[in-house]
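Take a look at the structure set out below.
Proteins come first, then strands; the chains are lettered A, B, ... in the order of their sequence lines, and each starts at number 1.
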Number of protein chains: 2
Amino acid sequence: MFERSQLNKGTLEGCILKIIGREPSYGYAIVAALREAGFTDVTEGTLYPLLLRLERKGMLSAAYQASPNGPSRKYYSLTEQGAQYLAEFEQAWQTTAAAVEAILQD
Amino acid sequence: MFERSQLNKGTLEGCILKIIGREPSYGYAIVAALREAGFTDVTEGTLYPLLLRLERKGMLSAAYQASPNGPSRKYYSLTEQGAQYLAEFEQAWQTTAAAVEAILQD
DNA sequence: TTTGTCTATATTGTAATGCAAGGTAGTGAC
DNA sequence: GTCACTACCTTGCATTACAATATAGACAAA
């Protein structure tokens, strides 16, 4: 069986930055957005470590904010460095996707 | 700096199976095919371990054949199991690519 | 009041993967 | 006989997605 999750490597990171780039968001909501977009199997166990990694790398900045429904939410914003990283990702994605399509077609 | 190689995870494997599925081929030629398709940075150090892995998993079968230019070539062929795995990969790729595009657009 | 559900974040450990680095060896041209 | 090209292989490392597990607040229903 082919493990679909292998295809998430590298792409998830970029997608998360893109989502946060639109407007600051928090983990629980980001998981929902990813699932809706088609990453149906993404769980919190995947996302939270990833967010922490991106924060430590300086791609994201974070601030807690009270929630009306439960525990405080940790809102992430894209830093300038993160925006640049995102641009690089988008470029790389297009290049790689084109290469894969070139091979798969026919 | 975004590491483009992260996007290769999972995709390379499928692309290799696809190339071999068209007609049996050997490592050195497969590297050339990948480079031409757009995986410009792929090296033998990446490919050979991957081919061995796929062979051990039963996705590929191999046979040595003399070369007119140098050492014997190890020709790989797609097994039945490999063909099924490839089909699963193609399906997964389309799903994932659609999800990424959905997020990146706009 | 306690049970369950939804919201929300975090940590630990593991397996898979790409890749750098290094090594071996055949062929042929100069 | 040295160089360049062809052709294969192995060891070890860093990154990554993910499962599993833990913690905890809010709130409704039983």
Pairwise 5' ranking along DNA chain D for A/E13 and A/E44, keeping only the more 5' one: A/E13
Interatomic distance, [X] [atom1] vs [N] [atom2] [rounded to whole Å]:
X     : N      : atom1 : atom2 : result
A/R56 : D/dA14 : CZ    : P     : 17 Å
A/E55 : C/dT9  : CD    : P     : 12 Å
B/R4  : D/dA14 : CZ    : C1'   : 19 Å
B/E3  : D/dT16 : CD    : C1'   : 13 Å
B/L7  : C/dC19 : CG    : P     : 10 Å
B/K57 : C/dA15 : NZ    : C1'   : 11 Å
A/Q6  : D/dA19 : CD    : P     : 12 Å
A/K74 : C/dA10 : NZ    : C1'   : 9 Å

Once you round to the nearest 0.5 Å, how far does [atom1] of [X] lie from [atom2] of [Y]?
X     : Y     : atom1 : atom2 : answer
B/I20 : B/L54 : CD1   : CG    : 7.5 Å
B/F39 : B/I30 : CZ    : CD1   : 13.5 Å
A/E55 : A/S77 : CD    : OG    : 10.5 Å
A/Y28 : A/E44 : OH    : CD    : 6.5 Å

Would you tabulate the nitrogen or oxygen pairs shorter than 3.5 Å linking the protein to nucleotides 24-30 of chain C?
none

Using a cut-off of strictly less than 4.0 Å, decide whether [X] has a side-chain nitrogen or oxygen near OP1 or OP2 of [N].
X     : N      : answer
B/S5  : C/dC19 : yes
B/K9  : C/dC19 : no
B/N8  : C/dC19 : yes
B/T46 : C/dC19 : yes
B/R53 : C/dG18 : yes
A/Y64 : C/dA10 : yes

Of residues 17-31 of chain B, the positions that come close to DNA chain C - non-hydrogen atoms, cut-off under 4.0 Å: none
Short side-chain to backbone donor-acceptor contact, [X] and [Y], under 3.5 Å:
X     : Y     : value
A/T79 : A/G58 : yes
A/T11 : A/N8  : yes
A/R35 : A/V42 : yes

So does [X] pair up with [Y], basic N to acidic O under 4.0 Å?
X     : Y     : answer
B/R53 : B/E13 : no
B/R4  : A/E88 : no
B/E3  : B/K9  : no

Residue met sooner reading DNA chain C from 5', once A/F2 and B/T43 are mapped to nucleotides: A/F2
Residue closer to the 5' end of DNA chain C, A/L52 versus B/G10 (nearest nucleotide): A/L52
Sugar-phosphate, base or nothing in reach of A/L50, heavy atoms under 4.0 Å: sugar-phosphate
Sugar-phosphate only, base, or nothing, as touched by A/F39 at under 4.0 Å among non-hydrogen atoms: nothing
